[in-house]
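As C-alpha cells, the structure follows; a few thoughts come after it.
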Amino acid sequence: MKLLNRNTVIVKERPIKVLQFGEGNFLRGFVDWIFDILNEKTDFNGDIQIVQPIKNGLGTIINEQDGLYHVLLEGLLNNKRIQKTRLIKCIRDVLNPYEDYKAFLKLGKNPDLEFIISNTTEAGITFDDNDEDFNTLPNSFPGKLTALLYYRFLHLKDTHSKPLTIIPCELIDRNGDKLKEIVTRYASIWKLPDRFSAWLNKNVSFCNTLVDRIVPGFPKDSIKTIQNNIGFEDNLVVKAEPFHLWVIETPNDPIYQKLPIEGTGLNIKYVSDQTPYRTRKVRILNGAHTALVPFGYLQGMQLVRDATENQQIASFIHTIIFDEIIPAIDLPKEELEYFAEAVIERFKNPFIDHQLISIALNSISKFKVRVLPSILSYAEKEGKLPEKLVKSFAWLFVFYRGHYDNLEIPIKDDPYIIDFFSDVWKEDDISIITQKILENTKLWDTDLSKIPLLHKTLCQEVKSILLKKTP
C-alpha cells in the first residue's frame, strides 16, 4: 500500500490565502473540505496554512503526509445513502508556534492572505491574564491572533495587502464579536498604538458564524478496509456526515466576492444576521437531541439511531419537533419543517453510532438553553403547556435521580448539580422534589415554579414515570 504524500500524489501548489488555527477533525472534515471544493469548482485558487493552537497536536502526523488526507462522507442525504471519499489537497503544512514563534509571526507578512479560520473549542476564545505582551508566545488563541495581526500591521500597513476576513467556528454565540472584543482588549493592555486599532477596524472583519456538521473523526474500527479502498496508508482519514451548513454573518464584508459559491453545491449562507439560523439549530437539532436523551435512554436505547427506529420514541420526537418546537419559533414554517426533516434523517444515519449517554453530558445546562425556551415560547403563544416537551422535562428529573428500574445512570455534570439532585431525591414527596427543582434559579436562571400549571403537570408526569404508567 502506498504512503500518502506529495511524492505519491501530484498536487498543485497555490498561494496561501487561508491561515487556520486548529488542525482537529472538525476543521479538516468541514472547513478544509469546503475550501478543497472551492479550489476545484471556482477560481478561489488558495491553499491553507495551519497553525497548531496548542503545544501538542496533530501537526507532526499531518506534515508527514504533506497535508494530504481523505474525508469519508457516510450517511443519508435526501433519502439517499451516501458513501464517498475525497482527497483533500488544499493544506500546505502545519506550523507549531511553540517551536518557532518567529516563524509564526512571519505568517502575518503574507500579502496573499485573505482569511483566518479558527476552531479552538468553546474555551479557546477567552482572555488570559498571563498574556502580558507579545514578545513571547501568548497562551490564548486571541492573544496569538493579536500578536500576528500587529506584526502584519507593522510590516504591511503601507502596502496594498488584501483585507482580512476572520471566520471563527467555535460554538459560542456571536463568536466573531467575542473574538474581536478580546483582541481589542489585548491591544489596549499591551498599549499598542491607536494606529493599529484604526488599521484593525478598517482592514479586518470579524464574522459571526454558525457551523453544522457531525464529524465523528478517525474511523479506527474500519480504517484497514478504508485504506484498502482508497489505496493509501492514510492515518488521517476523517469521517463525517454528508449534511453541512455554514452560516456566515457578513453585514459589512463582501465575502461572497472572495468566496464564490455559485455552482458548487455547498450549503453556505451569507446573511446579515445569523441569529434565526442559530435559533433554528439550537431548538430543533440540539433541542430534539436533548429532549430525546432521558426518554430514550431510560427506555433502554443506547444510540440516537436506535431511538429513531423505535416507533414509540420516533413518534414522541416527531410530535415534539413539528407540533411543539416549530410553532414556538418565529421563522417561516416551510423552512423550519424542511430543516426538521433533515434533522430526523441525520438522526437515522446508519454509519454513525451516536451514543445517547454522550449527549447526556451537562444535560441541565443544555436543557436550559435548548429546550426550555421552546416550552416558554409555546406556553406564551398557545396559552397552554407543550405536552411532550413537559413530559421530556419530567424524564429529565427522573434521569438525574441516578437510577431507574434497576438501571444505574452515569450522570456527568457540574458537581453542584449532581449534589443538588442527589439531595433533592432523598425527599419522598414528589411535589416537594418538583418544587425544589423548579425554583432553583441556579439551574434555570429563573424561578420556573411560577409558571402556571408547570409544577402540577410535572408532578403528575414524574409520578406516572416512577409508577411505569407512561411510555
Going through the distances and angles, do I91 and E23 end up as a side-chain contact (heavy atoms from CB on, under 4.5 Å)? CA-CA 10 Å; I91 293 176; E23 81 289 18; over 6 Å; no
Which atoms form the tightest heavy-atom contact between [X] and [Y], and what is the distance?
X	Y	result
Y400	S363	OH-N, 3.1 Å
W246	I34	CE3-CD1, 3.5 Å
L259	Y270	O-OH, 2.7 Å
L149	V183	CD1-CG1, 4.4 Å
L156	G108	CD1-O, 3.7 Å
C90	G46	CB-O, 4.3 Å

Are side-chain heavy atoms of [X] and [Y] found at a separation under 4.5 Å?
X	Y	value
I88	H70	no
Y69	I62	no
N235	Q227	yes
L285	F347	yes
N45	P15	yes
L72	F351	no
F367	I375	yes
F115	K162	no

Nearest-0.5 Å distance that lies between atom [atom1] in [X] and atom [atom2] in [Y]:
X	Y	atom1	atom2	value
I317	L292	CD1	CG	4.5 Å
D47	D93	CG	CG	10.0 Å
I248	T165	CD1	OG1	9.0 Å

For the pair L148 and R152, evaluate side-chain contact (heavy atoms from CB on, under 4.5 Å) and give the outcome as yes or no after the intermediate values. CA-CA 6 Å; L148 182 90; R152 184 176 181 84; 5.9 Å; no
Should the pair D414-K442 be classified as a salt bridge under the 4.0 Å nitrogen-to-oxygen rule? no
Would you call E40-R86 a salt bridge at under 4.0 Å N-O? yes
Please check if any side-chain donor atom of [X] sits under 3.5 Å from a side-chain acceptor atom of [Y], or the reverse.
X	Y	value
Q49	N110	no
N175	T209	yes
N286	R283	no
Q83	E74	yes
S118	E170	yes
K368	N362	no

For the side chain of [X] and the backbone of [Y], is there at least one donor-acceptor N/O pair under 3.5 Å apart?
X	Y	answer
D66	L68	no
R305	N349	yes
E241	I214	yes
T319	S315	yes
H244	N267	yes
Q274	E249	no
Q299	I313	no
D36	K89	yes
S422	I418	no
Q52	I54	yes

Can you tell me how the ring of [X] sits relative to the ring of [Y], calling it parallel under 30°, perpendicular over 60° and tilted otherwise?
X	Y	value
F196	W199	parallel
F397	F421	tilted
H354	H289	perpendicular

Face-on cation placement of [X] at [Y] ring, 6.0 Å and 45° thresholds:
X	Y	result
R280	F339	yes
K269	Y277	no
K391	F295	no

Between T275 and D173, does the side-chain contact (heavy atoms from CB on, under 4.5 Å) criterion hold? Intermediate values first, please. CA-CA 9 Å; T275 303; D173 193 21; 5.8 Å; no
Y186 ring center within less than 6.0 Å of F127 ring center: yes
Checking side-chain contact (heavy atoms from CB on, under 4.5 Å) between I48 and each of I117, D32, L27, N39, which is the one that passes?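 Single side-chain contact (heavy atoms from CB on, under 4.5 Å) partner of I48 among I117, D32, L27, N39: D32.
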Evaluate N208 against K180 for side-chain hydrogen bond (donor to acceptor under 3.5 Å, both in side chains), listing each step before the verdict. CA-CA 10 Å; N208 294 311; K180 183 177 182 179; over 6 Å; no
What do the steps show when you test L179 against F141 for side-chain contact (heavy atoms from CB on, under 4.5 Å), and what is the final call? CA-CA 9 Å; L179 182 56; F141 156 56; 3.7 Å; yes
